[in-house]
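Nothing here was measured: the structure is a model prediction, and the numbers come from that model.
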Amino acid sequence: MRPGIALIGRLVCLLAGIWLACSGLPAQAATTERIVVNRFSGVAIEGFDPVAYFVDGGPMLGTAEFEANLWGAVWRFRNEGNRASFLAHPEIYGPQFGGYDPADIARGVTIAGNPRFFVISAQRLYLFSREDNRDAFAADPERFLYEVGKRWPALQDKLSQ
């Protein structure tokens with residue numbers, strides 16, 4: 001291929017927002033709407049380590065050195081132990097409802113949770129779009145989860161696979 005054509009091809013990729021796919025780097029996970037991910041990189045929950053919420057008590061960024069691909073998303077971890085724990089029990093360590101805010105789901109909408117606003121309830125991780133949603137959920141998780149149970153199946157069916 002002529003150098004000018006290659007440059008134009010890379011420019012088109014850059015403008016299309018898919019530079020990583022065209023740059024020769026390892027392929028990233030395909031993005032999915034069922035799990036909250038960065039639409040360009042496929043990284044789940046902004047690169048925060050989902051196991052760290054349980055072992056460190058809060059959000060901690062993972063690294064590219066410790067990654068796993070699961071459910072169409074790239075998950076990052078702080079260390080190999082956290083990565084292994086997640087892969088052994090993703091249903092426990094992964095954010096419930098794919099990282100969508102359960103308070104918003106209870107209202108019938110899917111809004112991505114922010115990894116900085118979280119609650120661990122009944123040994124499950126929940127992420128929230130806003131602090132007030134987190135606080136309301138924490139005060140009465142059973143009420144929210146009852147409403148979510150009624151709405152989540154229909155909302156999940158509307159999300160792309």
More than 12 non-hydrogen atoms from neighbouring residues, nucleotides or ligands closer than 6.0 Å to CD on Q123, yes or no?
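At most 12 heavy atoms, drawn from other residues, nucleotides or ligands, come within 6.0 Å of this atom.
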Go through it in stages, so that I can follow the logic: the residues are D104 and R130, the test is side-chain contact (heavy atoms from CB on, under 4.5 Å), and I'd like the CA-CA distance, side-chain angles, deciding distance and then a yes or no.
CA-CA 10 Å; D104 290 322; R130 300 186 320 257; 4.2 Å; yes
Look only at the side chain of D101 and the backbone of S129, and say whether a donor-acceptor pair between them is shorter than 3.5 Å.
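The answer is yes, because a donor-acceptor pair under 3.5 Å joins these two groups.
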Using atom types as modelled and distance alone, determine if a side-chain donor or acceptor of R134 lies under 3.5 Å from a backbone N or O of F117.
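Checking the backbone N and O of F117 against the side chain of R134, no donor-acceptor pair under 3.5 Å is found.
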So, taking the atom named [atom1] in [X] and the one named [atom2] in [Y], what distance separates them when rounded to the nearest 0.5 Å?
X: Y93; Y: L87; atom1: OH; atom2: CG; result: 11.5 Å
X: Q96; Y: R124; atom1: CD; atom2: CZ; result: 6.0 Å
X: D49; Y: N82; atom1: CG; atom2: CG; result: 4.5 Å

Testing the basics here: between [X] and [Y], what is the closest heavy-atom pair and its distance to 0.1 Å?
X: F48; Y: P59; result: CD2-CB, 3.6 Å
X: A106; Y: E147; result: CB-CB, 3.6 Å
X: I105; Y: R151; result: O-CD, 3.2 Å
X: G108; Y: L155; result: O-CD2, 3.4 Å
X: E46; Y: P115; result: OE2-CD, 3.5 Å
X: A68; Y: R83; result: CB-NE, 4.1 Å

Start with the C-alpha distance between Y53 and M60, add both sets of side-chain angles, then the distance that settles side-chain contact (heavy atoms from CB on, under 4.5 Å), and finish with yes or no.
CA-CA 7 Å; Y53 290 93; M60 306 287 283; over 6 Å; no
Any luck finding a side-chain donor-acceptor pair between R107 and N133 under 3.5 Å?
yes
Looking at the rings of F128 and F118, which for Trp means the six-membered one, are their centres under 6.0 Å apart?
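No, too far apart.
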Would you check if the distance from the ring center of F86 to the ring center of F77 is below 6.0 Å?
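For F86 and F77, the ring centres are under 6.0 Å apart.
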Can a salt bridge be assigned to the pair R78 and D56 using a cut-off of 4.0 Å between side-chain N and carboxylate O?
yes
W75 vs W71 aromatic rings, parallel, tilted or perpendicular, using cut-offs 30° and 60°?
perpendicular
If the plane angle is over 60° it's perpendicular, under 30° parallel, otherwise tilted; pick one for F97 and Y126.
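Plane angle between 30° and 60°, so tilted.
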Could you give me the CA-CA distance, side-chain angles and deciding distance for F54 and S85, then say whether side-chain contact (heavy atoms from CB on, under 4.5 Å) is met?
CA-CA 11 Å; F54 295 88; S85 294; over 6 Å; no
Please determine which of I111, V148, L159 meets the side-chain contact (heavy atoms from CB on, under 4.5 Å) test together with Y100.
L159
Begin with the C-alpha distance, continue with both residues' side-chain angles, and end with the deciding distance and a verdict on side-chain contact (heavy atoms from CB on, under 4.5 Å) for L127 and I45.
CA-CA 9 Å; L127 303 179; I45 63 172; 3.5 Å; yes
Look at the side-chain heavy atoms of Ile, Leu, Val, Met, Phe, Trp and Tyr, link any pair under 4.5 Å apart, and say whether I92 and V55 land in one connected group.
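Hydrophobic grouping puts I92 with V55.
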